[in-house]
Asker: 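This structure is in structure tokens; I'll ask about it shortly.
Just so you know, these numbers use all the heavy atoms, side chains as well, and skip hydrogens, waters and symmetry mates.
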Amino acid sequence: MASIRSWFSLKQTEKDRLSEIESDCEYRERWITIRLVYFSGFLMFLSFGVVTTSLWPYLENMDPTVDKTFLSVLFAAPPAGQLIFSPLIGWCSNRLSSIRVPFVILTGLFIFGHILYSTIELVCMPYRRYSLLLSRFVFGIATSINTLNRAFISTATKLSERTPAISMSSLAQTLGLAVGPMIQSMLSIVGTDGFMWYGLRFNMYTLGGWICALVGVVYIVFLNPSWFVHRTIAAREAMKSTGCSVVKDTLEPVQQFSIWAIMISYGVLMFFYVSFQTTLSPISLDQFAWTHEESLYYLGMLLTCGTLCSCGVFLLLPLLCKRFSEHNIFLYFAILPLFCSQVAMIPVGSKTVEMSTTIHNGSMVGCPITQEWCMLVPPINQYQLIISYVLLCISFSVGIALSQTILSKLLGIRPQGNWMALYTSVGGITRILGPGSVFVYVRFGTYWLFGLGATLSGLMLVWLFYNKSHLRTTQKVPAAAEMEQLEVSV
């Protein structure tokens, strides 16, 4: 109850007050802004969850002549927009006294992208697919706000607050990813035809875009100067702890190897997560002979449980970091489970995958004849899929939160916009490459897909094990007594 009360009261602890680093008013303004930054992550991932589940049927509805190859282009558009504009956003953040204006501009682009998404029907038929592509690309530019999000949290939190703050930011994103598909499912009762209002069609697809745009408008209202106050504290804390009067005197040399090691690890984690999400549907249809309806139902349950698992990990992560060092947690709770998740999906047994057959309603279930490897490879059972996905959710949750935490601490109190932009760009590249795993699955099968996955993640595990000392942060670790304020601060 004390933690819940402190969340709403935003009162500075007596120990923090005696440190004289900031006043009570500054403390309150700082944490209000941090929580507004949390919401930006929720907003971006809410849109991702709403739109992704309905993108293909909406595209087919708007342009029946389109094929599935264009769908892959639509999925690549957001990470491409993020990849192109994140470096620019990061460069600007290092040179601005406040990130409020970039937040407003990027949220405005978010709103515009979703309004365009919801009004595709007003565009002439030959250009609808390209208008939809433009809306997704603009949304990708808007997601560059995550670069500002990460850079700001790194400079607006004390060392003792950093890990729980980044965990809460990741939790907000995960909640957005969970709520999005729920909203889209509830909107299905409106149907494809929906209703017309002032010449605009509101149906199960466009309503999702309008809801995201409306939430974006509400968010912009909260970005006014009286609520969103750019306050940093990392530099003041470093100067007070070292006794330096100039910020530059507190800076330590950039540890290039350590920074690139954590970025490569983050890229590998993101690649496997996107790869698994992309191949999940075709694997379930081929390996279990499910119908499309069964696949949507069971995979929906699996994804929901995985999201809840991720939320639990984010909440427990600050407590775990009290007992163990962050680089060890990253190795044994992120990279090791990733390796195990790939090994768990390698087929075993003497049976072969059930080949394609026709069921009573005329649809085909089972592995297509064109995938000849199905006649030679044992099937993956459902328990393997569940175990692998749970391990992957744990790996991804811990890895995303701690990779950012370790990176921010390695960089110290220097402006982190450019580095966080690079961090975001690495994620964008792997999000573009990840769907390519579908080609490996269709062409070569599960042995190759998960065998290569186990080999790559295993090599990453061994490499990080022998270099884990490079991931140790050099800053002074807060004492146990200081760590008691973790829940209070967040």
Asker: Counting N and O atoms only, with roles assigned by atom type, does the side chain of Ser131 sit under 3.5 Å from a partner on the main chain of Tyr127, one being a donor and the other an acceptor?
Answerer: yes
Asker: Side-chain contact test, heavy atoms from C-beta onward, threshold under 4.5 Å: evaluate it for Thr143 versus Ser47 and give yes or no.
Answerer: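 Counting from C-beta outward, Thr143 and Ser47 never come under 4.5 Å.
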Asker: Please tell me whether Thr430 and Tyr273 have a donor and an acceptor in their side chains that are separated by less than 3.5 angstrom.
Answerer: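 No - no donor-acceptor pair under 3.5 Å links their side chains.
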Asker: Fit a plane to each ring of Trp227 and Phe222, take the angle between them on a 0 to 90° scale, and name the class: parallel (under 30°), tilted (30 to 60°) or perpendicular (over 60°).
Answerer: perpendicular
Asker: Which value, rounded to the nearest 0.5 Å, describes the distance between Ile387 atom CD1 and Met345 atom CE?
Answerer: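 Between Ile387 CD1 and Met345 CE, I get 11.0 Å after rounding to 0.5 Å.
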Asker: Say you draw a straight line from CG of Leu392 to OG of Ser310; how long is it, rounded to the nearest 0.5 Å?
Answerer: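 Going from the CG atom of Leu392 to the OG atom of Ser310 covers 8.5 Å.
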Asker: Taking side chain as C-beta onward, heavy atoms only, is Ser403 less than 4.5 Å from Ser265?
Answerer: no
Asker: Would you call Val190 and Phe202 a side-chain contact if the rule is heavy atoms closer than 4.5 Å?
Answerer: no
Asker: Provide the closest heavy-atom pair for Ala334 versus Leu269 in the form atom of the first, atom of the second, distance.
Answerer: O-CD2, 4.1 Å
Asker: Where do Ala80 and Phe137 come nearest, in terms of heavy atoms and distance?
Answerer: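 Answer, listing the atom of Ala80 first, then Phe137: C-CE1, 4.2 Å.
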Asker: Any sub-3.5 Å donor-acceptor pair from Ser258's side-chain atoms to His470's backbone N or O?
Answerer: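 Yes; at least one donor-acceptor contact below 3.5 Å.
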Asker: Going by the side chain to side chain donor-acceptor pair (under 3.5 Å) test, which pairs reach into residues 200-217, not counting sequence neighbours?
Answerer: Glu121-Arg201, Asn203-Thr206
Asker: If every non-hydrogen atom of Gly209 is compared with every non-hydrogen atom of Tyr117, which pair is closest and at what distance?
Answerer: CA-CD2, 4.2 Å
Asker: Going through the distances and angles, do Val215 and Phe39 end up as a side chain to side chain contact (heavy atoms under 4.5 Å, CB included)?
Answerer: CA-CA 11 Å; Val215 177; Phe39 192 78; 3.9 Å; yes
Asker: Could you go through Ile153 and Met168, starting from their C-alpha distance and side-chain angles, then the distance that decides it, and tell me whether this counts as side chain to side chain contact (heavy atoms under 4.5 Å, CB included)?
Answerer: CA-CA 11 Å; Ile153 290 178; Met168 290 300 293; over 6 Å; no
Asker: Could you grab the distance from atom SG of Cys340 to atom CD1 of Ile335, nearest 0.5 Å is fine?
Answerer: 11.5 Å
Asker: For Phe450, does its backbone N or O pair with a side-chain atom of Gln342 as donor and acceptor, under 3.5 Å?
Answerer: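 Here the side-chain-to-backbone pair does not exist.
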Asker: Within this structure, what is the CH2-CZ distance for the pair Trp91 and Phe85, rounded to the nearest 0.5 Å?
Answerer: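 Rounded to the nearest 0.5 Å, the CH2-CZ separation comes out at 14.5 Å.
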Asker: Taking atom CD1 of Ile105 and atom CG of Leu223, what is their separation to the nearest 0.5 Å?
Answerer: 11.5 Å
Asker: Would you check if Thr446 and Ile380 make a side-chain contact, meaning some heavy-atom pair closer than 4.5 Å?
Answerer: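 Side chain of Thr446 against side chain of Ile380, heavy atoms only: contact under 4.5 Å found.
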Asker: Measure from the side-chain N and O atoms of Ser169 to the backbone N and O of Ala165, and report whether any donor-acceptor pair falls under 3.5 Å.
Answerer: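 No; zero donor-acceptor contacts below 3.5 Å.
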Asker: Can any side-chain N or O of Gln371 pair as donor or acceptor with the backbone N or O of Pro368 at less than 3.5 Å?
Answerer: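 No: the side chain of Gln371 does not pair with the backbone of Pro368.
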Asker: Is any side-chain heavy atom of Ser388 closer than 4.5 Å to a side-chain heavy atom of Phe276?
Answerer: yes
Asker: Search all heavy atoms of Leu471 against all heavy atoms of Ala261 and return the closest pair with its distance.
Answerer: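 Scanning both residues, the minimum pair turns out to be CD2-CB, 4.1 Å.
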Asker: Any non-hydrogen side-chain atom of Leu464 less than 4.5 Å from a side-chain atom of Phe330?
Answerer: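 Touching, per the 4.5 Å side-chain cut-off.
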Asker: Check Tyr423 against Gln404 and note the closest heavy-atom contact, atom names and distance.
Answerer: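 It is OH-N, 3.6 Å.
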Asker: For the pair Tyr219 and Phe103, name the ring-plane relationship: parallel under 30°, tilted 30 to 60°, perpendicular over 60°.
Answerer: tilted
Asker: Answer whether the closest heavy-atom distance between the side chains of Leu385 and Phe288 falls below 4.5 Å.
Answerer: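 When only atoms from C-beta onward are counted, Phe288 and Leu385 do touch, with a gap below 4.5 Å.
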Asker: I would like to know whether Ile259 and Leu422 meet side chain to side chain contact (heavy atoms under 4.5 Å, CB included); could you show each step before the answer?
Answerer: CA-CA 11 Å; Ile259 289 173; Leu422 183 59; over 6 Å; no
Asker: Let me confirm one number: the CE-CD1 distance from Met44 to Ile145, rounded to the nearest 0.5 Å.
Answerer: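 These two atoms lie 4.5 Å from each other.
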Asker: Relative to each other, are the rings of Trp419 and Trp260 parallel, tilted or perpendicular (30° and 60° limits)?
Answerer: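 Perpendicular.
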Asker: Using distance alone, with no hydrogens and no angle criterion, decide if Thr405 and Glu326 have a side-chain donor and acceptor under 3.5 Å apart.
Answerer: no
Asker: Which atom pair, heavy atoms only, marks the closest approach of Gln173 to Phe45?
Answerer: O-CB, 3.2 Å
Asker: Do Tyr266 and Ile406 come close enough that some side-chain heavy atom pair is under 4.5 Å?
Answerer: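 In short, these two side chains do not touch, never coming nearer than 4.5 Å.
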Asker: Counting only N and O atoms by type, is there a donor-acceptor contact under 3.5 Å from the side chain of Ser341 to the main-chain atoms of Leu338?
Answerer: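 Pair found, side chain donor or acceptor close to backbone of Leu338.
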Asker: Any carboxylate oxygen within less than 4.0 angstrom of a Lys/Arg side-chain nitrogen, looking at Arg128 and Asp63?
Answerer: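 Asp63 and Arg128: not salt-bridged.
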Asker: If the condition is side chain to side chain contact (heavy atoms under 4.5 Å, CB included), which residues does Thr147 pass it with, not counting sequence neighbours?
Answerer: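 Thr147: side chain to side chain contact (heavy atoms under 4.5 Å, CB included) contacts with Ser86, Met420, Ala421, Thr424.
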Asker: My understanding is that only residues two or more places apart in sequence, or in another chain, count here; which of them pass side chain to side chain contact (heavy atoms under 4.5 Å, CB included) with Ile34?
Answerer: Arg30, Trp31, Tyr38, Phe152, Ala156, Thr157
Asker: Might you work through the side chain to side chain contact (heavy atoms under 4.5 Å, CB included) test for Val229 and Ile32, ending with a clear yes or no?
Answerer: CA-CA 8 Å; Val229 181; Ile32 288 175; over 6 Å; no
